[in-house]
Amino acid sequence: MTDRLRYYASVLLLPLVALATVTYGAGELITSLPTGEAAVNTRLAAWRTDLWNTLTDIGTSLSDTPYIVALTAVTAAFLGLVRRRWHEAAFLVAAVWSQSLIFLATSALVARHRPPVHHLDPAPPTSSFPSGHVSAAVGFYCAVTLLLAARLRSPVARVLVWTLGVAVPLIVAFSRLYRGMHFLTDVLWGLLLGACCVAVSARAILTRHRRVQADRHERPRAPAGAPAEHSS
């Protein structure tokens, strides 16, 4: 048990703490610089139409907090209780909730205001940096995609699955920009944050599980013709 705790502390907890520290530092740096990003939001706001307002409303809803929480809970329960793949369920929960914790911690400290355009969604109490919608989209959809692609034998099927898994976070990112809820660097860092949390969780949980399974298969077995031991 002690070895396991040390393992997860070194390959999961410490990298996530480092990621949170870097995220905070990046946010403080960005807010101190004249990035000129507001021009992107102003231009998108000038191009708004009823059709794109509706489409981006759907796009941003793909990563609304209640949906992500429910989808994560249902998927993790299916993986663990039905498929008995508890390591995959643990990986999914770790990927989603690690990005959420880092987002909540850093957004509370980095007081970046929202873009100076009309907001098409209610502004949550958290600040603009980083985009929690985007990081959550990567955390859930890319984590699920990673699990699905690992079990597909067809290269074409894997490409299709990954195309969809990557497209959803990009749709969410554009929707948040279009609707005036985030600056460009907010959504870009959200993509990076989510991807890093998926990678760290995969290395800590999925890679460890594969290594343990491989070790079990490689354990030496008694030769087929070896005499059996009898107790006296």
Side-chain angles (χ1 to χ4, degrees), residues 23 26-27 30-31 33-75 92 95-97 99-145 148 159-198:
T23 300
I30 290 171
T31 55
L33 297 175
T35 61
E37 296 174 84
V40 176
N41 298 95
T42 301
R43 182 169 298 180
L44 286 174
W47 290 346
R48 287 173 181 170
T49 65
D50 290 341
L51 174 60
W52 279 103
N53 289 352
T54 300
L55 291 176
T56 55
D57 184 37
I58 297 172
T60 196
S61 69
L62 294 173
S63 192
D64 281 346
T65 299
Y67 294 156
I68 292 296
V69 170
L71 287 171
T72 301
V74 170
T75 307
L92 177 62
V96 174
W97 285 103
Q99 63 77 30
S100 179
L101 291 174
I102 293 175
F103 155 71
L104 291 173
T106 55
S107 64
L109 297 173
V110 180
R112 189 180 200 187
H113 58 80
R114 300 279 174 177
V117 295
H118 176 64
H119 304 153
L120 297 183
D121 295 318
T126 51
S127 69
S128 186
F129 181 91
S131 172
H133 272 75
V134 175
S135 64
V138 177
F140 176 76
Y141 293 106
C142 288
V144 171
T145 298
L148 288 175
V159 170
L160 291 175
V161 167
W162 271 112
T163 299
L164 181 60
V166 172
V168 174
L170 293 178
I171 290 172
V172 174
F174 174 76
S175 298
R176 299 301 285 171
L177 271 177
Y178 175 92
R179 299 179 71 79
M181 304 309 297
H182 290 286
F183 293 100
L184 180 60
T185 49
D186 300 336
V187 299
L188 290 177
W189 199 271
L191 292 171
L192 179 62
L193 172 60
C196 288
C197 288
V198 171

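We use all heavy atoms of the structure for the numbers below, so side chains are in, but hydrogens, waters and symmetry mates are not. Please read all numbers here as calculations on a predicted model, not as lab measurements.
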When you measure from the side chain of S100 to the backbone N and O of V96, does any donor-acceptor pair fall under 3.5 Å?
no
Does the pair L170 and F174 meet the rule for a side chain to side chain contact (heavy atoms under 4.5 Å, CB included), with working shown?
CA-CA 6 Å; L170 293 178; F174 174 76; over 6 Å; no
Ring-plane angle category for F183 and H113, please: parallel below 30°, perpendicular beyond 60°, tilted otherwise.
perpendicular
Work out which heavy atom in P130 is nearest to a heavy atom in T23; give both atom names and the distance.
CG-CG2, 4.3 Å
Return the CD to CG distance between E37 and L188, rounded to the nearest 0.5 Å.
8.0 Å
Just to verify, which of S128, S107, S127 counts as forming a side-chain hydrogen bond (donor to acceptor under 3.5 Å, both in side chains) with D186?
S128
After noting the C-alpha distance and the side-chain angles of M181 and H133, does the key distance pass the side chain to side chain contact (heavy atoms under 4.5 Å, CB included) rule?
CA-CA 10 Å; M181 304 309 297; H133 272 75; over 6 Å; no
Roughly how far apart are L55 CG and D50 CG, rounded to 0.5 Å?
11.0 Å
Which heavy atom of T145 sits nearest to which heavy atom of G165, and what is that distance?
OG1-CA, 3.2 Å
Any idea which heavy atoms bring N53 and R179 closest together, and the distance?
O-NH1, 2.8 Å
Aromatic ring pairing F129/W189, orientation class (parallel under 30°, perpendicular over 60°, tilted between)
tilted
For I68 versus T72, what's the shortest heavy-atom pair and its separation?
O-OG1, 2.7 Å
